[in-house]
**Q** 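Shown below is the structure under consideration.
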Amino acid sequence: MEAQAQGLLETEPLQGRDGDAIGSADISSMLSEEEKEELKAELVQLEDEITTLRQVLSAKERHLVEIKQKLGMNLMNELKQNFSRSWHDMQTTTAYKKTHETLSHAGQKATAAFNNVGTAISKKFGDMRRK
């Protein structure tokens, strides 16, 4: 059985005639009637299990919505919380801190430069008025 399973897990692509042989082979004709019946029964069982799981998941999702409603949680609150959490997480990153420091420093330099330019312009206007 392990050798068969190992063969199913191979990842090598099929080569020319191998692919043709598989494409034209009728796998169901290689199975006995007993094997076919077992596979059909397993198929029905899997389909039933999938249906049951979908129903259980749906019921749990409804229960989740009910609990959130009772707690006063709605989509907008969740979005706000997610945004706040994401914003906080971003602010605590090293890249954000370095960028913030750099831009803050650049802003201070720019402010000082504009003040100097403003002072120089005021001085020039003052000098022009006196003349």
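Numbering starts at 1 and runs along the sequence shown. Remember, it's a predicted structure, so these values are computed and weren't measured experimentally.
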**Q** Which residues pass the salt bridge (charged side-chain N to carboxylate O under 4.0 Å, His left out) test with Arg130, not counting sequence neighbours?
**A** Asp127

**Q** Give me the atom names and distance for the closest heavy-atom approach of Thr92 to Asp89.
**A** OG1-O, 2.8 Å

**Q** Can you list everything that forms a side chain to side chain contact (heavy atoms under 4.5 Å, CB included) with Leu71? Sequence neighbours excluded, please.
**A** Ile67, Met73

**Q** Hey, are the side chains of Lys60 and Val56 touching, using non-hydrogen atoms and a 4.5 Å cut-off?
**A** yes

**Q** For Glu33 and Lys36, run salt bridge (Lys or Arg N to Asp or Glu O under 4.0 Å): C-alpha distance rounded to whole Å, both residues' side-chain angles, the deciding distance at 0.1 Å, then the answer.
**A** CA-CA 5 Å; Glu33 286 302 316; Lys36 287 180 185 178; 3.7 Å; yes

**Q** First locate atom CG of Leu103, then atom CD of Gln108, and finally report the distance between them rounded to the nearest 0.5 Å.
**A** 11.5 Å

**Q** Without swapping roles, check the side chain of Asn74 against the backbone of Gln69 for a donor-acceptor pair under 3.5 Å.
**A** no

**Q** If I take atom CD1 from residue Ile121 and atom NZ from residue Lys124, how far apart are they, to the nearest 0.5 angstrom?
**A** 11.0 Å

**Q** So how far is it from Trp87 CH2 to Ser84 OG, rounded to the nearest 0.5 Å?
**A** 11.0 Å

**Q** Please tabulate, one pair per line, all N/O donor-acceptor pairs under 3.5 Å involving side-chain atoms of residues 37-51, not counting sequence neighbours.
**A**
residue : atom : partner : partner atom : Å
Gln45   : NE2  : Glu49   : OE2          : 3.2
Thr51   : OG1  : Glu47   : O            : 2.9

**Q** Is it the case that atom CE in Met90 sees more than 12 heavy atoms from other parts of the structure closer than 6.0 Å?
**A** yes

**Q** Roughly how far apart are Thr119 OG1 and Lys123 NZ, rounded to 0.5 Å?
**A** 10.0 Å

**Q** If you apply the rule side-chain contact (heavy atoms from CB on, under 4.5 Å), what do you find for Gln91 with Lys97, and how did you get there?
**A** CA-CA 7 Å; Gln91 286 178 318; Lys97 289 178 182 176; over 6 Å; no

**Q** Going by heavy atoms in the side chains, are Arg54 and Ser58 under 4.5 Å from each other?
**A** no

**Q** Looking only at heavy atoms, which two atoms of Glu35 and Met30 are closest? And how far apart?
**A** OE1-O, 4.3 Å

